[in-house]
Amino acid sequence: MTGTLVLAGTPIGDVADAPPRLAAELAAADVVAAEDTRRLRRLTQALGVHTTGRVVSYFEGNESARTPELVDALLGGARVLLVTDAGMPSVSDPGYRLVAAAVERDIRVTAVPGPSAVLTALALSGLPVDRFCFEGFLPRKAGERLSRLREVAGERRTLVYFEAPHRLDDTLAAMAEAFGADRRAAVCRELTKTYEEVRRGGVGELAAWAAEGVRGEITIVVEGAPDTGPADLGAAELVRRVRVREEAGERRKEAIAAVAAEAGLPKREVFDAVVAAKNAPAEGPPAGEGLS
């Protein structure tokens, strides 16, 4: 029989938040794959757990190379426990490759649910949580970051991002440019830790605050775009949105479909607006003011 892959959530701050099953799984696992073995050692000490299984590192740098080794252990019947530094494995952390490889080989995959920075930040943000999407980390390069944000400028669901503290002010400034400075957001810092802080306001206001320097683990929650009906968007705005998506790398067909969905319009109406704009004559100088 094949073994079982267990994805275990770990505390995002307060070790007392560790799920009770985590200690039992750490003690029983044949192999413990940890993003940082030193942090794992501190966690087991805090929980009073002694691991008897083999402990191996499993992080971004060796994820591809180590996955086949762990799959072989699972095929041999081992119980492999995967933990990351904080939160659930594979959510902006190592784990996806191993889960995909295990599923491909019909290996059982289960989880020990635990703390989540995404859900904790959503709950504390004061923003709508009935529909949301997780965007992870934004690109580090300014141009790529702005393009990614422009892609979701019309997204009506609440958006959740992770960000490094030293890039927070630049990211919030880019959000102000892409979404508008008044778009509501919440910056959640050091969740469940001693200096936990949730700062709420428009993204422009938050960018000015972050420019003074912010420390700690950061999760950003941003309000979705306002619900605009078809009558609120003119042809010029539809064309602008299609162009933004094309500049971000989308094919025109997909860009038109996405903008139509955002605006609640038939795709044909957006297509006609784009064609009309393309065929419109270029504006020249007023009569009598040509080049001499």
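FYI, side chains are in, hydrogens and waters are out, and symmetry mates aren't considered; it's all heavy atoms of this structure. We count residues from 1, following the sequence as given.
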Just checking, is any N or O donor in the side chain of Tyr58 or Thr84 under 3.5 Å from an acceptor N or O on the other one? no

Can you confirm whether more than 12 heavy atoms, excluding those of Asp182, are under 6.0 Å from its CG atom? no

For the student: nearest non-hydrogen atoms of Ala186 and Leu206, plus distance: N-CD1, 4.3 Å

Enumerate the salt bridge (Lys or Arg N to Asp or Glu O under 4.0 Å) contacts for residues 205-223, please, sequence neighbours excluded, ordered by first and then second residue. Arg184-Glu223

Nearest-0.5 Å distance that lies between atom OG1 in Thr110 and atom CG in Leu5: 9.0 Å

Under a 4.5 Å side-chain heavy-atom rule over Ile, Leu, Val, Met, Phe, Trp and Tyr, are Leu40 and Val56 clustered together? no

Indicate yes or no: at least one non-hydrogen side-chain atom of Ile220 is less than 4.5 angstrom from one of Leu168. yes

Do the side chain of Arg189 and the main chain of Ile218 share a donor and acceptor less than 3.5 angstrom apart? no

I'd like to know if the side chain of Asp17 and the backbone of Thr192 have a donor-acceptor N/O pair within less than 3.5 Å. no

Which heavy atom in Ala46 sits nearest to a heavy atom in Val15, and how many Å separate them? CB-CG2, 3.8 Å

Let me confirm one number: the CD-CD distance from Glu151 to Glu250, rounded to the nearest 0.5 Å. 6.0 Å

Is the backbone N or O of Gly136 less than 3.5 Å from a side-chain atom of Ser92, with the two atoms forming a donor-acceptor pair by type? no

Salt bridge (Lys or Arg N to Asp or Glu O under 4.0 Å): which pairs involve residues 59-74, sequence neighbours left out? Arg54-Glu69, Glu63-Arg97, Arg66-Glu69

Tell me, please, which residues at least two apart from Thr10 pass side chain to side chain contact (heavy atoms under 4.5 Å, CB included). Leu22, Leu43, Val83

Hphob cluster co-occupancy, Val99 + Leu82, side-chain heavy atoms under 4.5 angstrom: yes

Any donor and acceptor pair, going by atom type alone, linking the side chain of Arg183 with main-chain N or O of Ala153 inside 3.5 Å? yes

Contacts of Arg252 meeting salt bridge (Lys or Arg N to Asp or Glu O under 4.0 Å) (sequence neighbours excluded), chain-then-number -> Glu246

Do the non-hydrogen side-chain atoms of Glu25 and Arg79 ever get within less than 4.5 Å of each other? yes

In the structure I gave you, are the side-chain heavy atoms of Thr171 and Phe137 within less than 4.5 Å of one another anywhere? no

Can you sort out the partners of Ala277 under side chain to side chain contact (heavy atoms under 4.5 Å, CB included), two or more places apart, ordered by chain and number? Val239, Arg243

Tell me whether Val91 is reachable from Val109 by hopping between hydrophobic residues (I, L, V, M, F, W, Y) whose side-chain heavy atoms are closer than 4.5 Å. yes

Please enumerate all residues that pass salt bridge (Lys or Arg N to Asp or Glu O under 4.0 Å) together with Asp272, with sequence neighbours excluded. Arg268

Nearest 0.5 Å, please: how far is CD in Glu135 from CG in Leu149? 8.5 Å

Output all residues satisfying salt bridge (Lys or Arg N to Asp or Glu O under 4.0 Å) with Arg240, sequence neighbours left out; order by chain, then residue number. Glu237

Is any side-chain heavy atom of Val187 closer than 4.5 Å to a side-chain heavy atom of Leu172? yes

Kindly state each residue pair satisfying salt bridge (Lys or Arg N to Asp or Glu O under 4.0 Å) with at least one member in residues 159-173, sequence neighbours excluded. Glu163-Arg167

With sequence neighbours left out, what residues match Ala142 under side chain to side chain contact (heavy atoms under 4.5 Å, CB included)? Arg145

Out of curiosity, does Val103 fall in the hydrophobic cluster containing Leu7 (side-chain heavy atoms, cut-off under 4.5 Å, transitive links)? yes

Salt bridge (Lys or Arg N to Asp or Glu O under 4.0 Å) contacts touching residues 102-127 (sequence neighbours left out): none

For Lys267, is the NZ atom crowded, meaning more than 12 foreign heavy atoms sit under 6.0 Å from it? no

Taking every non-hydrogen atom, the tightest pair across Glu35 and Asp85: OE1-N, 2.9 Å

Mind checking the CG-CZ spacing from Asp93 to Phe59? Nearest 0.5 Å is all I need. 13.5 Å

What's the shortest heavy-atom distance between Gly114 and Met88, and which atoms? N-SD, 4.0 Å

Atom CG in Leu98, atom CD1 in Ile107: separation rounded to 0.5 Å? 8.0 Å

Closest approach of Leu159 and Cys133, non-hydrogen atoms and distance? CD2-SG, 3.2 Å

Any chance you could measure Arg199, atom CZ, to Cys188, atom SG, to the nearest 0.5 Å? 12.0 Å

From CA spacing to verdict: side chain to side chain contact (heavy atoms under 4.5 Å, CB included), Leu265, Leu238: CA-CA 10 Å; Leu265 294 170; Leu238 295 174; 3.8 Å; yes

Transitive ILVMFWY cluster of Leu146, excluding itself - 4.5 Å side-chain cut-off: none

For residues 117-132, dump all side-chain donor-acceptor pairs below 3.5 Å to protein atoms at least two apart in sequence or in another chain.
residue	atom	partner	partner atom	Å
Thr120	OG1	Ser116	O	2.7
Ser125	OG	Leu122	O	2.9
Ser125	OG	Leu127	N	3.1

Considering all heavy atoms of both residues, which atom of Ala173 and which atom of Ala207 are nearest to each other, and what is their separation? N-CB, 3.7 Å

Residue pair Val32 / Thr44, side-chain heavy-atom distance below 4.5 Å: no

